[in-house]
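In what follows, every heavy atom counts, from backbone to side chain, and hydrogens, waters and symmetry copies are set aside. In what follows, chains carry the letters A, B, and so on, assigned in the order in which the sequence lines appear, proteins first and then strands, with residues in each chain numbered from 1.
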Protein chains: 2
Amino acid sequence: MITLTEENYIKAIYHLGKYGKEMVNTNAIAEALDTKASSVTDMVKKLSEKGYLNYKKYQGVILTEKGKDVAVNIVRKHRLWEVFLVEKLNFTWDEVHEVAEHLEHIRSEKLINELEAFLEFPMYDPHGDPIPDRHGNFKNIDKVALAQSEVGKVYTCVGVKDTSSKFLKYLDSNNIGLGTIIEVLYKEPFDNSVKIKLNAAEMVVSQNVAKNLFLKEV
Amino acid sequence: MITLTEENYIKAIYHLGKYGKEMVNTNAIAEALDTKASSVTDMVKKLSEKGYLNYKKYQGVILTEKGKDVAVNIVRKHRLWEVFLVEKLNFTWDEVHEVAEHLEHIRSEKLINELEAFLEFPMYDPHGDPIPDRHGNFKNIDKVALAQSEVGKVYTCVGVKDTSSKFLKYLDSNNIGLGTIIEVLYKEPFDNSVKIKLNAAEMVVSQNVAKNLFLKEV
DNA sequence: ATTTAATTTTAGACTAGTCTAAATAATATT
DNA sequence: AATATTATTTAGACTAGTCTAAAATTAAAT
Ligand SMILES: [Mn+2]
Ligand SMILES: [Mn+2]
Ligand SMILES: [Mn+2]
Ligand SMILES: [Mn+2]
């Protein structure tokens with residue numbers, strides 16, 4: 001039996017370690033889950049004993065295959081619920097995360113597979129993140145942050161890194177969303193801000209924004 | 001803050017006490033929640049302190065208005081999710097209860113109100129039970145158990161008392177469901193079994209079945 | 001190579017919820 | 001009315017998860 005709390009730890013470790021590929025240290029987990037480092041130490045010991053990850057004292061943890069399977073399954077549920085909320089229940093992309101955080105823990109194979117079919121097997125969630133299929137397979141779209149884009153080229157917005165309500169509302173208020181066409185006009189070396197063209201208008205976004213907006217060449 | 005466990009206790013007490021109108025004793029709660037009487041005592045003390053019910057030692061508990069509000073809201077969520085599972089996700093009426101038991105605890109006003117609208121404001125759940133509106137109002141249909149029906153009259157099946165998978169599958173295998181027309185042919189005094197006519201065929205059902213099937217005169 | 005700082009772990013305590021076993025109260029039976 | 005039975009509560013212990021404060025380890029800076 002796996003608990004809701006254990007699932008949250010495993011998912012956090014999965015994301016912090018780039019899909020479970022890198023080691024993750026204690027403080028990073030504590031930060032992500034808004035808890036204390038000592039609590040994390042206790043939990044990773046337990047998760048290690050249960051076979052979800054490998055733990056070396058003072059070194060950090062890395063997910064096992066078993067741990068990655070759990071993580072991917074939760075991510076799958078999280079993203080499918082997000083699609084449901086936006087497509088069927090009139091949620092906006094800045095409202096879904098909090099609710100999906102709870103729905104992702106509902107345990108029913110039939111529920112999630114039927115939900116997926118009901119939504120007609122969506123490939124991406126409302127933030128542009130890929131949705132794993134029932135076998136845990138998914139492909140990452142090759143995308144580049146606006147901060148790493150090239151001046152003069154034209155891109156489509158395909159995702160966001162920061163999924164906080166604040167950031168998403170900022171994008172909304174500037175008419176930036178998935179599918180928006182963006183031309184990179186100029187990069188200011190002084191503060192790394194970027195001048196872009198969208199909907200025939202020009203605007204300047206900060207480095208912070210440029211780092212959290214993912215694009216794909218058209 | 002109210003916990004998931006507290007919600008389950010309050011809902012159980014609500015059902016055991018006929019919509020929170022009657023006192024409920026410790027053992028009944030323990031039985032319903034598959035827990036021990038001593039655990040119940042601890043919990044009702046806490047729920048009493050939190051104002052969800054009135055507790056008198058050795059006497060039992062009865063829900064306060066605050067407690068009833070919580071209960072009705074959980075029942076609302078439970079039944080709306082059941083409708084969703086049957087109407088949209090191809091669940092059968094014997095599969096929904098277990099999953100709804102978890103979904104009912106997801107806390108989001110917007111979620112449940114949008115879900116209700118998405119389902120086009122259903123009046124009844126898949127077992128014929130009424131769904132409270134967002135203000136907690138609902139009306140009980142006037143129904144009678146097959147065991148209390150009158151010989152010679154014709155009824156429609158409008159609900160079930162026992163919602164266990166076993167009972168519902170029994171009904172399925174005999175082609176009895178909500179809306180089924182049933183004529184009461186004969187009541188056997190010896191064992192209180194009932195002979196009925198449905199779909200032009202005759203069959204005999206046990207007292208146990210007769211007590212758990214709700215009908216309405218046509 | 002020491003000292004300092006940052007990170008991580010341990011030790012001990014706390015809450016929520018549960019259990020068993022013993023004690024108490026209420027009810028039923030003689 | 002006294003006794004036996006049942007229902008309920010108390011006492012003490014346990015697990016999951018968390019915290020603070022102190023100890024131990026690792027990494028950084030002299
Ligand atoms: Mn979560
Ligand atoms: Mn998302
Ligand atoms: Mn429940
Ligand atoms: Mn139901």
Side-chain angles (χ1 to χ4, degrees), chain A residues 1-17 22-63 66-67 70-71 74 101-102 104-107, chain B residues 1-17 22-63 66-67 70-71 74 101-102 104-107:
Chain A
M1 234 323 76
I2 189 168
T3 71
L4 184 149
T5 310
E6 289 170 347
E7 288 186 344
N8 281 334
Y9 270 87
I10 290 170
K11 193 183 72 165
I13 293 165
Y14 176 79
H15 282 132
L16 289 167
E22 294 175 13
M23 268 222 161
V24 182
N25 54 4
T26 305
N27 265 5
I29 301 169
E31 160 101 44
L33 292 173
D34 195 26
T35 184
K36 302 291 162 163
S38 54
S39 305
V40 173
T41 301
D42 284 345
M43 181 56 82
V44 297
K45 278 180 186 169
K46 187 163 60 134
L47 292 175
S48 171
E49 273 168 21
K50 287 193 172 188
Y52 295 113
L53 50 79
N54 292 116
Y55 166 54
K56 276 181 218 103
K57 265 193 189 180
Y58 295 99
Q59 299 302 119
V61 300
I62 189 160
L63 290 180
K66 182 182 171 185
V70 169
I74 299 171
E101 201 58 45
H102 298 287
E104 70 188 2
H105 301 289
I106 302 290
R107 257 179 280 268
Chain B
M1 232 329 74
I2 188 168
T3 70
L4 183 149
T5 310
E6 288 170 347
E7 288 186 343
N8 280 333
Y9 270 88
I10 290 170
K11 192 183 72 165
I13 293 165
Y14 176 79
H15 282 133
L16 289 168
E22 293 175 13
M23 267 221 164
V24 181
N25 54 4
T26 305
N27 266 4
I29 301 169
E31 160 100 44
L33 292 174
D34 195 26
T35 183
K36 301 292 162 167
S38 55
S39 304
V40 174
T41 301
D42 283 345
M43 181 55 82
V44 296
K45 278 180 186 168
K46 187 165 57 136
L47 292 175
S48 172
E49 273 168 20
K50 287 192 172 188
Y52 295 113
L53 50 80
N54 292 116
Y55 167 54
K56 277 180 218 106
K57 265 193 189 179
Y58 295 99
Q59 298 302 117
V61 300
I62 190 161
L63 291 180
K66 182 181 172 187
V70 169
I74 298 170
E101 201 58 43
H102 297 288
E104 70 187 1
H105 301 289
I106 302 289
R107 257 179 278 269

Whole-Å distance, A/Gln59 CD to C/dT7 P, equals 15 Å
Separation of D/dT15 atom P from A/Lys50 atom NZ, nearest Å, is 13 Å
From CD of A/Glu31 across to P of C/dA6 the rounded distance in Å is 16 Å
Identify every side-chain donor-acceptor pair in residues 49-60 of chain A under 3.5 Å, counting partners at least two apart or on other chains, and give the distances.
residue: A/Lys50; atom: NZ; partner: A/Met1; partner atom: O; Å: 3.1
residue: A/Lys50; atom: NZ; partner: A/Glu6; partner atom: OE1; Å: 3.3
residue: A/Lys50; atom: NZ; partner: A/Glu6; partner atom: OE2; Å: 2.9

Rounded to whole Å, the CE-P distance (B/Met1 to C/dT15) equals 19 Å
B/Tyr9 OH to C/dA16 C1', in whole Å, measures 11 Å
A/Asn25 meets the side chain to side chain donor-acceptor pair (under 3.5 Å) criterion, sequence neighbours left out, with none
Assert: residue with more 5' nearest nucleotide on DNA chain D, out of B/Lys57 and A/Thr5, is B/Lys57
The side-chain contact (heavy atoms from CB on, under 4.5 Å) partners of A/His102 (sequence neighbours excluded) come to B/Ile106
Sequence neighbours excluded, the answer for salt bridge (Lys or Arg N to Asp or Glu O under 4.0 Å) partners of B/Glu101 is B/Lys11
Looking only at side-chain N and O atoms, does A/Asn25 come under 4.0 Å of OP1 or OP2 in C/dT8? yes
For side-chain contact (heavy atoms from CB on, under 4.5 Å), just list the numbers for B/Leu47 and B/Val61, CA-CA rounded to whole Å, side-chain angles, deciding distance to a tenth of an Å, and then say yes or no.
-> CA-CA 10 Å; B/Leu47 292 175; B/Val61 300; over 6 Å; no
Next on the checklist: Between B/Asn27 and D/dT8, is there a contact of a side-chain N or O with OP1 or OP2 at under 4.0 Å?
Outcome noted: yes
Atom CD1 of B/Ile2 and atom P of C/dA16 are separated, to the nearest Å, by 13 Å
* Asked: Phosphate oxygens OP1/OP2 of C/dT10: is one of them under 4.0 Å from a side-chain N or O of A/Lys45?
  -> yes
Close N or O pairs between protein and nucleotides 19-23 of chain D (under 3.5 Å):
residue: D/dC19; atom: OP2; partner: A/Thr35; partner atom: OG1; Å: 2.7
residue: D/dC19; atom: OP2; partner: A/Lys36; partner atom: N; Å: 3.1
residue: D/dC19; atom: OP2; partner: A/Ser39; partner atom: OG; Å: 2.9
residue: D/dT20; atom: O4; partner: A/Ser38; partner atom: OG; Å: 3.0

Report the C-alpha distance between B/Ile29 and B/Val24 in whole Å, list the side-chain angles of each, state the deciding distance to 0.1 Å, and finish with yes or no for side-chain contact (heavy atoms from CB on, under 4.5 Å). CA-CA 7 Å; B/Ile29 301 169; B/Val24 181; 3.6 Å; yes
Taken in chain and number order and not counting sequence neighbours, the residues that satisfy side-chain contact (heavy atoms from CB on, under 4.5 Å) with A/Thr35 are A/Tyr9, A/Ala30, A/Leu33, A/Ser39, A/Val40
When rounded to whole Å, the CG to C1' distance for the pair B/Leu47 and C/dA16 reads 12 Å
### Query
Is any side-chain N or O of A/Tyr55 closer than 4.0 Å to OP1 or OP2 of C/dT8?
no
